[in-house]
Amino acid sequence: MNYTVIARRWRPKRFDDVIGQPHIVATIKNSLKYNRIAHAYLFTGPRGVGKTSLARILSKAVNCLNRTSEEPCGECDNCLAIDHGTFPDIIEIDAASAGRIEEMRSMLDTVRYMPMKGLYKVYILDESHMLTTQAKDAFLKTLEEPPGHNIFVLATTEAQKIPYTIMSRCQRFDFRRIPESEITGQLKRICDDEAITYDEGVFSYVATEADGSLRDAESILDQVIAYCGRHIAERDVINIIGIVEKEVLHGIIQSIFDNNLKKGLEIIDRTLNQGYDVHQIYRGLVETLRHMMILKVWESLPPFLYLGEEEYARLSKLMEGLEYYEIQNMVHYLLKAEDLLRGPFPKVSLEILYINLYNLSKLRDVDKVISTMGRQPDSLKERETESLAPPPREEEEKIPEKTFERNAEGFVEYLKEKMPSVGNMLEGLVVTMEKGKFVVHADKTSHVMFRHREDDIRKYLAEFFGADTGFAVRDGGEAKRNILEEYVREAESLFKI
Ligand SMILES: Nc1ncnc2c1ncn2[C@@H]1O[C@H](COP(=O)(O)OP(=O)(O)OP(=O)(O)O)[C@@H](O)[C@H]1O
Ligand SMILES: [Mg+2]
Ligand SMILES: [Zn+2]
């Protein structure tokens, strides 16, 4: 028995079967509803996201013999013939192999004949950027005066190679990569339909590997099923795709937080000995830390991350007690360091990269590092809220409450009593007294917050320190970034031995 690949069996047959391109489907359906069909379309976008499929559905819709809505009926002779690829009025041309002028001419010759069975002849030019210049010119002439019974659909993965003269005569649709959650959803649907069972989370491996192409995802699923049979096990998928297991990645990341360099190096060594290469480990680390970063921002599982409950729980546990920027620092460093792995000693590079990540995690509490750095470096620019005030006249000041030390931290304690909403917010931030000014080192969001409360803060500052006390908010993020940049430079200098 012949086996038809999943991608073919699951080619969408109606508009509503098309996944992940709602803006395009809605526009085309609308134009059908109001009978405003264009005569030339340009479908651009990455491979395997539905361009050819949608061109065929459009052909069906315009040629369906008993269409009552925008959808083709799927049952009339024309619909069936189109599904079977035997409809004479659809002319599919692969420009990659038939881009020559002779073929183009003979195709264009047929343009003037009426359709045989349907209302429209539909020309689908796949990979249309591959047409030769002569072929493009000939085609352009046709586009300029298209006889009313023709529809041209140009499909291409490289829109920038389509000349403007052609492009401007087409209605253009940019197909997007299919989101991971929609890919996993479709793979599940396919397996459920074909009575194939699976471990939780297996499809996220496939979706990641397919990188937005549903066809690629379905081809990988074909391979997986060929290998696994009726049940898809996580381990098998990992083997087939050649990705590093999640436990390995969790182990490496955990070792950083546990101060256990030996363990991390040992896991890396073991994984490489199993036949994985450094890039696979690197990619896995980036991917996992990215998930952690997003989870930290979202504070729950966002709809666009398909992780599975178990992985979600494991990552949440791994992140306990971490701040957002600690994770971001690691991702940032990893991305910057990618080039290192291309050197002649990838294993050494990966080890150094890992040790650097470990060192970087020592900077976890950058706020604390900053506050012990002997106050702010001059290079940090002060923001608008700054006011120029002379130093306080020490002798005249009176301390309102004995229990508060007369320094920046003391003032925060004081505010916590007088104006808890602001005081509590300040408690988590670095505050300093500089030249008679109370300075808060904050990120952009809290910046705004402080501007709203500035008058109140000044009032209490005057009460606490004396009337002339100034107030300023500085971008604490800048300080963090500077430290990080410095650290990365230092780390990089290690490689220029
Ligand atoms: N948006 C989608 N909705 C549902 N299935 C899709 C979609 N995109 C791709 N597929 C699946 O992938 C197969 C191939 O899709 P299609 O030929 O339409 O992709 P394409 O964008 O034309 O790719 P290429 O640029 O390589 O020609 C379909 O038969 C279907 O199984
Ligand atoms: Mg195609
Ligand atoms: Zn029909």
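Counting convention: from 1, in listed order, for ligands and their atoms alike. Every value quoted in this text rests on a predicted model; they were computed, and no experiment measured them.
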Ring-face cation contact, Tyr312 with Lys317, 6.0 Å cut, 45° max: no

Residue shell around ligand 1, heavy atom under 4.0 angstrom: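 Lining ligand 1: Ala7, Trp10, Arg11, Pro12, Asp17, Val18, Ile19, Arg47, Gly48, Val49, Gly50, Lys51, Thr52, Ser53, Thr157, Ile178, Leu214, Arg215, Glu218.
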
Greater than 12 external heavy atoms within 6.0 Å of Glu299's CD: no

Can you tell whether the side chains of [X] and [Y] come within less than 4.0 Å, N to carboxylate O?
| X | Y | answer |
| --- | --- | --- |
| Asp16 | Lys29 | yes |
| Asp83 | Lys60 | yes |
| Arg189 | Glu182 | no |
| Asp77 | Lys117 | no |

Arg47: which of Asp216, Thr157, Asp211 passes side-chain hydrogen bond (donor to acceptor under 3.5 Å, both in side chains): Asp216

Atoms of the protein (N/O/S only) found under 2.8 Å from the Zn ion (ligand 3): Cys64 SG, Cys73 SG, Cys76 SG, Cys79 SG

Option passing ring-ring contact (aromatic ring centres under 6.0 Å, His included) with Phe152 (candidates Tyr41, Phe139, Tyr120): Phe139

Any side-chain donor near an acceptor of the partner, Asp89 and Tyr123, under 3.5 Å: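 There is no such pair (donor and acceptor under 3.5 Å, judged by atom type) between the side chains of Asp89 and Tyr123.
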
Donor-acceptor side-chain pairing of Tyr198 and Arg230 below 3.5 angstrom: no

Sequence-distant partners of Asp339, salt bridge (charged side-chain N to carboxylate O under 4.0 Å, His left out), two or more places apart: Arg342

Number of protein N/O/S atoms that sit closer than 2.8 Å to the Mg ion (ligand 2):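 Protein N, O or S neighbours of the Mg ion (ligand 2) under 2.8 Å, waters not counted, come to 1.
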
Atom pair OG1 (Thr271) and CD1 (Ile252), whose distance is rounded to the nearest 0.5 Å: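 The distance works out to 5.5 Å.
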
Spacing of Lys136 atom NZ and Lys161 atom NZ [to the nearest 0.5 Å]: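 Output value for this atom pair is 8.5 Å.
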
